[in-house]
> 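Just dropping this structure here.
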Amino acid sequence: MNVRTFISTRDSNPALAKNFKDAILNPSAPQGGLYTFDTLPKLSTQDIVSLSNLSYEELCIKLFKILDLGLDEVLLKDVLQCYKSFDDPTNPAPIIGFDENLFMLNLYSGPTRAFKDMALQPFGALLSHFAAQKKQTYMILAATSGDTGPATLQSFANKPFIKVVCLYPSGGTSDVQRLQMTTQEASNCKVIGIYGDFDDAQNALKSLLNNTHFIESLHKQNIALSAANSVNIGRIVFQIIYHFWAYISLFKNNKLTLGEKISIVVPSGNFGNILGAFFAKKMGLPIDKLVVASNVNNILSDFINTGVYDISKRNLLKSKSPAMDILKSSNVERVLYALFGAKRTKECMQSLNTTGAYTLNKDELALLREDFLALFCDDTQCLQSIAQGFKCGFVLDPHSAIAYYGAKKLQEEGALAKTIFLSTAEWSKFAPSVWEALVKAQMVQGICKNDKEALEGICAHTQASIPPQISTLFDKKEVQNDVILPTEIESCIMQWLRNKN
Ligand SMILES: *Cc1c(COP(=O)(O)O)cnc(C)c1O
């Protein structure tokens, strides 16, 4: 059997390709690109029907086999045990009907209540296994605005041959998100608050990755650096699976006929989630449109509507959907590669780096729009959408509400027929905004001071209850209390390593 190799989005020379394991352990690809699929196998409708009696784990094993990832089946089975800790151990990604033509895919039923768990849970186990096999310790650095950090810590806590350092902007996350990190007790995890915003945390991480003194000090202790951010192809492959799962679930429940096309609306930031759907489409899953839903940082929806990706005149705006507050959306690069090839991708990325912009020509834009549609909404529309969702009996978080807004709007305009929108976080993770949308409007005068009050207020107002993963956080001790300047990070990490040994 041929095992697949992954190539760089900026240099498709097969001599530079890497197998799956090496691509996920050392994720920086030649020419500053990203490892990606060169080609994808195409399934027929009959092939897709034949997947319909599989469990989620079996579906993943089967699709990875079709993708020739070359993974040992016993290992993969073991890694997929992680889904047993999700709300329904037999269904980590349940689909819920809003009406005959609109469905919600719930991707937040894992331990940290955001969709990051869907891929980071198995990915963490896989990476740790590969590290143990090589007897090489890896340090995973993560910078987070709130969801990636908790999911990374949860995934790697107490895993052998792995150390995690997680940087977050102090005061820049919700109480729930902070507690999910600062209450982490595992001795292989270090959480550091930074004086500054998410960009400062992200820049600090980038400068560490390029800091030769830091890298050499780690080498002396036999530690290599790696990254678990959403450009790692090891995360993307797990994000293909649930799109197949959603389609098959609807088919089995007679909500669609065989081969009938469905559109998927994704609240997008770094473009990893929707990239999984794009790959599923290229593998033959009957998807009509892939819809990018953005917030006011609408760089992605502008790009898909105009062909111009231009960050040169933009500043990042703070919104109520912080996981989508992003301007440089990394995974777009993999779509450029799939549609236009390595040479053109490199050209666009170089232009983005030097001028802050690149522009597709008319034909390229037309090709992009065969697969993608896009729209955005502001915070007011987002909160209205949460209220509208509640009228239908659902409590949505701000990110999911943006996807819901997009699906409704495009269906009303006749641009979409049957549609799935992705729900990427539980309401409990963004309680103050949900409170504002559902509870405040009902009060003559109302303020809510923190996440805890908001959570309780929402429960009193709706039928919702706080999941144990969130409610127990408030009783745990915050054991990771470092808050420091970006310049102090290196010495803080070294100090931590010394204390461990
Ligand atoms: C990370 C995240 C997103 C954005 O996903 P991308 O894969 O980066 O596009 C959307 N919603 C929530 C709640 C998230 O945590």
Side-chain angles (χ1 to χ4, degrees), residues 34 93 104-121 123 142-155 168 173-174 176-177 180-181 198 202 228-240 242-243 264-280 290-295 297-301 303-304 316 319-335 372 374 376-377 382 385-386 395-406 421-431 433-434 470:
L34 308 174
M104 176 177 91
L105 182 64
N106 167 345
L107 298 175
Y108 61 69
S109 71
T112 71
R113 317 313 282 170
F115 100 95
K116 304 291 191 289
D117 289 332
M118 290 300 300
L120 263 168
Q121 281 284 314
F123 173 78
T144 185
S145 63
D147 285 340
T148 301
T152 306
L153 292 165
Q154 181 76 33
S155 177
Y168 73 95
T173 69
S174 72
V176 164
Q177 289 170 325
Q180 284 182 319
M181 295 185 275
F198 172 60
Q202 178 105 1
N229 53 16
S230 79
V231 298
N232 195 310
I233 192 71
R235 281 179 58 182
I236 303 296
V237 291
F238 286 106
Q239 291 173 184
I240 298 173
Y242 49 74
H243 299 288
I264 301 186
V265 185
V266 187
S268 295
N270 216 14
F271 220 71
N273 202 0
I274 200 165
L275 181 71
F278 174 77
F279 285 153
L290 300 160
V291 183
V292 172
S294 301
N295 64 25
N297 295 294
N298 56 355
I299 186 99
L300 287 169
S301 57
F303 173 59
I304 286 158
L316 194 67
S319 80
K320 294 198 182 295
S321 43
M324 294 153 68
D325 289 346
I326 187 165
L327 292 179
K328 256 195 175 174
S329 181
S330 314
N331 278 302
V332 173
E333 182 168 349
R334 288 191 167 109
V335 173
F372 291 96
F376 78 99
C377 77
C382 170
S385 182
I386 294 175
V395 183
L396 299 175
D397 101 288
H399 305 79
S400 312
I402 288 175
Y404 177 56
Y405 169 91
F421 75 91
L422 304 194
S423 180
T424 50
E426 187 172 56
W427 64 273
S428 61
K429 254 196 131 161
F430 299 94
S433 298
V434 177
I470 302 294

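Each ligand, and each atom within it, is numbered from 1 in the order the structure gives. Computation of the quantities below employed the complete heavy-atom set of this structure, encompassing side-chain atoms and omitting hydrogens, waters and symmetry-equivalent molecules. Bear in mind the structure is a predicted one, so any value in this text is a computation, not a measurement.
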> Please could you name the atoms of ligand 1 that Ala323 approaches to less than 4.0 Å, counting only its heavy atoms?
2 (C), 12 (C), 14 (C), 15 (O)
> Mind checking whether Ile264 and Leu422 have side chains closer than 4.5 Å, heavy atoms only?
yes
> Check each atom of ligand 1 against the heavy atoms of Asp147 and keep those under 4.0 Å away; list them by number with element.
12 (C), 13 (C), 14 (C), 15 (O)
> Distance alone, cut at 3.5 Å: any donor-acceptor contact between the side chains of Arg334 and Asn331?
yes
> So if I count the atoms of ligand 1 from 1 in the order they appear, which ones are less than 4.0 Å from some heavy atom of Gly272?
6 (P), 7 (O), 9 (O)
> Are any of the side-chain heavy atoms of Pro398 and Ile386 separated by less than 4.5 Å?
yes
> Does the side chain of Tyr108 pick up a donor-acceptor pair with the side chain of Asp147 at under 3.5 Å?
no
> Checking the N or O distance criterion of under 3.5 Å, is ligand 1 in contact with Phe271?
yes
> What is the closest protein heavy atom to atom 12 (C) of ligand 1, and at what distance does it sit?
Thr424 OG1, 3.4 Å
> With respect to atom 1 (C) of ligand 1, which of Gln239, Met324, Gln177, Lys116 exhibits the smallest heavy-atom separation?
Lys116
> Taking 4.0 angstrom as the limit and counting only heavy atoms of Gly269, give me the atoms of ligand 1 inside it, by number and element.
4 (C), 6 (P), 8 (O), 9 (O)
> Look at atom 5 (O) of ligand 1 and say which protein heavy atom is nearest, naming residue and atom and giving the distance to 0.1 Å.
Phe115 CE2, 3.5 Å
> Charged N to carboxylate O below 4.0 Å: is that the case for Lys429 and Asp397?
no
> Which atoms of ligand 1 are found less than 4.0 Å from any heavy atom of Pro267?
4 (C), 10 (C)
> Counting each atom of ligand 1 from 1 as listed, which ones have a heavy atom of Ala425 under 4.0 Å away?
13 (C)
> Looking at Asn273, which atoms of ligand 1 are within less than 4.0 Å of one of its heavy atoms?
7 (O)
> Among side-chain atoms of Asn106 and Ser423, is any donor-acceptor pair under 3.5 angstrom?
no
> For ligand 1, which atoms have a heavy atom of Asn270 less than 4.0 angstrom away?
6 (P), 8 (O), 9 (O)
> Would you say the rings of Phe271 and Phe372 are close, in the sense that their centroids are separated by under 6.0 Å?
yes
> For the residue pair His243 and Phe279, is the inter-centroid distance of their aromatic rings smaller than 6.0 Å?
no
